[in-house]
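Below is one structure, written out as C-alpha cells; comments come after it.
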Number of protein chains: 2
Amino acid sequence: MNEIATRRRATVHDVARTAGVSLATVDRVLNARAGVRAATIERVEAAIAELGFQRDLSASLLARARDLRVTFIIPEGSNEFMASLAQAVANRAGPALADRLHLDIIRIKALDAMALAHCLDSLQPSACDCAVIVAGEDPSVLVAVDAATRRGILVVTLVSDLPGSSRRAFIGIDNTAAGRTSASLMGRFCTGHGKVGVIAGSLHLRDHRDRLEGFRQVIAAEFADIEIIGPIEGHDEHAETAAQVTTLLAQHPDLAGIYNLGAGNAGLVSALTASGRAGTIRVIAHELSEPTRRGLLSGVIDVAIDQNPDGEIRAAIGAARALALDSSAAAPIEPIEIGIFLRDNLR
Amino acid sequence: MNEIATRRRATVHDVARTAGVSLATVDRVLNARAGVRAATIERVEAAIAELGFQRDLSASLLARARDLRVTFIIPEGSNEFMASLAQAVANRAGPALADRLHLDIIRIKALDAMALAHCLDSLQPSACDCAVIVAGEDPSVLVAVDAATRRGILVVTLVSDLPGSSRRAFIGIDNTAAGRTSASLMGRFCTGHGKVGVIAGSLHLRDHRDRLEGFRQVIAAEFADIEIIGPIEGHDEHAETAAQVTTLLAQHPDLAGIYNLGAGNAGLVSALTASGRAGTIRVIAHELSEPTRRGLLSGVIDVAIDQNPDGEIRAAIGAARALALDSSAAAPIEPIEIGIFLRDNLR
DNA sequence: TTCGTTTTGAGGTACGTACCTCATGAGCGC
DNA sequence: GCGCTCATGAGGTACGTACCTCAAAACGAA
C-alpha cells in the first residue's frame, strides 16, 4: 500500500506563525497588496515554501466577493471550428458556475485585428479577470494585449499564439507537428504512387504556414518518391476550394492523395464526389466538423487531423482559473494533443 | 456580445424560503439524512428545481470536516501502462490536495481477482469515499464491488469495465473501435500487399478480445485482399513476444504488416530489429510506453494506439468528485479518446 | 384524551481565505 | 526631541454549506 499524502494541510495561520508575522501580513503577501517590506515578503515566502503551503481553492473562491469572470473572444463566421469552440464554452458555462466561474463569450468579426483590439480595450477589470483570445499576429492586437495586462486583465491565447506579448498562457496544438503527422500518414498511404496535392486556406495564416512546413519537411526527408503539387489557396471557402480541387483533379489524372490543411472541406468533398474519383485518392483534412465527418463516413476523406475544441476550452478555463487565483504562478501546461480520426474512431 | 449567466446563484436559504421549510430541513434533504416526510422532500426538491439551485462546490468542500478520499487500486508488475496510470495519479495528488481531494494508490498483483476483492473488502468508508479499480471480469470482484457500494463506498471502473455491477461510472476507451481503427490504418498501409500478422497478449482478456474483433471486422469488410495470420498469443511478455515474432517472420517472408494488440512491445521491437526487416514491415502497436516510443523514433513501429493515462486519471478524479459530492447524480461522461501516435506527433 | 414517536424549526459553530478598519510600531529627516 | 510616513498587528465580518443540539410542533396509536 502506497500512501501518498499526509497530514493536515498548512493554512495561512501556520504560515504566519512560522514566518513570525501576523495573519494580515501573510494575507498582504499572498494577495500582492502593498505595504510590506521586501525582507518581510521574503520571510513569508520562505515559510510558504517550508510548509509547502497551498492556498485552499475552495476557501479562496468562497471568500471572494465575486466569481471569477473569464471572457472568451472568438471569431464568428462560417468557420465550423470556431463555432465548436464557442459551443464548448457554452457547454461549460453551467457546470463552471458551481465552481464560481462566470464565463462570457464575445463573437467578433473573423480575421479582423482591429475588432479584436477594440474588444480587448473595452474589457473592464471589474467585469473580467481573464480574457481568452484567438489572436491573429497583428501589432494592434499585441498592443491591446499588453494594455489589458497592465489594467490587470490576464490574457490567454487560444489556438493561435501571440509570442512576444504579455499573454500569460497559450493553449493550442503544435501545427508543425500536425503537418508532419499528415505527411507521415500520407507517405505511408501513397508509397510508390507519386503525386500529392496540397491545399491551404491562406499562407498569411500562421497555423497554415506551420502545417505546410511540417508536411514538406517529412515528405522531403522520408518520402522522396512523392511529388507535392501546390499549395493551392482555397481561402477557407467552400466554393473556391471546390473549384480548385476540380481543376487539380483534371490536371493530374494520376493524383494519389490530397492534403487540405485549411478549411473549406465541404467544397473538397463535393468536388471529389463529383469527379467520381472519391475513394481512389487518399485524403487528409483538418478539423472534425460536419463536412469532414460526412467525408469520413462516406469514405471520401481518409483521415481528419483535429484539435479537440472541448479539450482546448477545458485547458483554457483551467489556466484562467489557476492564473486568476495566483497571478504570479506559471500557467499550468496541459498539452493539447493532435487528434487523428478515421471513420472507425470518430467521437 | 453574448452574456451567458446571469444573476446571483440561489443558495440553500433561497431554497428554504421557496419551499416554505427551515434551513435544517433543506439540509436534511440535500444530504440525504433521515427524518423528513416524503411530501416535504418533494416540496424541497420542487424548490430546488424551480430555482435551479446548485450546491456551491467551494463552500461544500470547505464545510466538510474531511477531504474527499479517493483510492486507486492499480495492478503492479511489468506492464508499463499500469505504471503510467499510477504515475498519473501520483502527479495529480499534489494539485488535487488544493481542491480538498486526497488521493491514495494501492498496487496489487496483476490479474489476481481475489487480491482485488480482498483489497476492496478492506476499504473502510471512513477512510475512502470512492474506489477506482482496474477490474477483471470475475464474480468475486463483482461481489466485492457491490459490497463496497453497500458500505457507502462509490466504485468507479477504469480501463476495463464491470457491467452488471453497482459501479457508478466507467472511464476507458472503446477497444473495439481501437481495433477497427488499427485495421483501417493497416489496410491503407498494405493495400495489395497481402499478409498481416496479429499478436495478442491473451484472448482471456476482454480488451484484447474486443480489439481483435474490431480489427477483423474492418479487414473483412474493407480490405478483402489482406490475409490475417494469427492471432498469436505473447502473454504480454517481452521474451515470449520476441520469440513468437521471430517465428512469424521466418514463416512468412512476405509479411507486410504486424498488429500487436497486447503488450510485450520491447520483444516485438527487438525481434524485428534482429530480423533486419524493420522498416519494410508496417507495425501498429498499443500504448505509448518506453518500448513503443523507442520503436516509433527508430522507425520500427509506424503507429501506436494509445489511451491517454493522464486523461483517464483526470476523468476518473472528476467522476469521483462529482459522485462523492452528489451521490445521486449520474457520473459525468467525459469520453476518453483513442490516441493515434506517429513519430511526428509524439507527446 | 394522553403518551410516544417522528418531523420540523431555530440557532449555533466550523471550515480557510479575503478584505476591512483601526491602532501601534518602527524608522526617517529635521 | 519633533512630526511624519510606512510597516505591521489585532481583530473583526463575510462567503455558503455541513453538521450539531435542543426545543417545539405535528402526528399516530392507545
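Chain naming here is simple, since letters A, B, ... match the order of the sequence lines and numbering starts at 1 in each.
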Apply side-chain hydrogen bond (donor to acceptor under 3.5 Å, both in side chains) to [X] and list each qualifying residue two or more places apart in sequence or on a separate chain.
X: A:Glu45; answer: none
X: A:Asp161; answer: A:Thr157, A:Arg167
X: B:Thr149; answer: B:Ser166

- Message: Please compare B:Thr40 and B:Ala59 by the position of their nearest nucleotide in DNA chain C and report the one closer to 5'.
- Response: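 Here B:Thr40 is the residue nearer the 5' end.
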Spacing between [X] atom [atom1] and [N] atom [atom2], to the nearest angstrom:
X: A:Asn31; N: D:dT8; atom1: CG; atom2: P; answer: 16 Å
X: A:Gln54; N: C:dT17; atom1: CD; atom2: P; answer: 11 Å
X: B:Arg64; N: C:dA14; atom1: CZ; atom2: C1'; answer: 14 Å
X: A:Leu68; N: C:dT17; atom1: CG; atom2: P; answer: 16 Å
X: B:Leu30; N: D:dA18; atom1: CG; atom2: C1'; answer: 10 Å
X: A:Arg17; N: C:dG16; atom1: CZ; atom2: P; answer: 12 Å
X: B:Ile41; N: C:dT6; atom1: CD1; atom2: C1'; answer: 13 Å
X: A:Arg43; N: D:dA7; atom1: CZ; atom2: P; answer: 14 Å

- Sequence neighbours excluded, the answer for side chain to side chain contact (heavy atoms under 4.5 Å, CB included) partners of B:Ala59 is A:Leu62, B:Asp56
- Those residues that, when tested against A:Thr18, pass side chain to side chain contact (heavy atoms under 4.5 Å, CB included) (two or more places apart): A:Ala47, A:Glu50, A:Leu51
- Heavy atoms under 4.0 Å, any strand shown: does A:Asp27 hit a base, just sugar-phosphate, or nothing?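 Base: the residue A:Asp27, judged by heavy atoms under 4.0 Å, touches a nucleobase.
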- Go through residues 18-26 of chain B and report each residue with a non-hydrogen atom lying under 4.0 Å from DNA chain C, sorted by number.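 By residue number: B:Gly20, B:Val21, B:Ser22, B:Ala24, B:Thr25.
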- Item | Heavy-atom protein contacts under 4.0 Å, nucleotides 22-29 of chain D, coded B base, S sugar-phosphate only, - none | -----S--
- Task: Tell me yes or no: between the side chains of A:Asn308 and A:Glu312, is some donor less than 3.5 Å from an acceptor?
- Result: no
- For residues 115-125 of chain B, which residue pairs qualify under salt bridge (charged side-chain N to carboxylate O under 4.0 Å, His left out), counting only residues two or more places apart or in two chains? none
- Identify, between B:Arg33 and B:Asp56, the residue whose nearest nucleotide on DNA chain D lies closer to the 5' end. B:Asp56
- Query: For C:dA18, does either OP1 or OP2 sit under 4.0 Å from a side-chain N or O belonging to A:Ser60?
  - Reply: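 Checking C:dA18 against A:Ser60, a side-chain N or O does come within under 4.0 Å of OP1 or OP2.
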Partner residues of [X] under the salt bridge (Lys or Arg N to Asp or Glu O under 4.0 Å) criterion, sequence neighbours left out:
X: B:Asp174; result: none
X: B:Asp129; result: B:Arg66
X: B:Arg33; result: B:Asp27

- So, do B:Val156 and B:Phe72 sit near enough that their side-chain heavy atoms are less than 4.5 Å apart? no
- Message: Is there a side-chain contact between A:Arg100 and A:Leu68 in this structure, where contact means two heavy atoms from C-beta onward sitting under 4.5 Å apart?
- Response: no
- Item | Closest to the B:Leu62 side chain, choosing from D:dC19, D:dG16, C:dT17 | D:dG16
- Can you pull out how bent the helix from C:dT1-D:dA30 to C:dT24-D:dA7 is, comparing the axes over its first five and last five pairs, to 10°? 30°
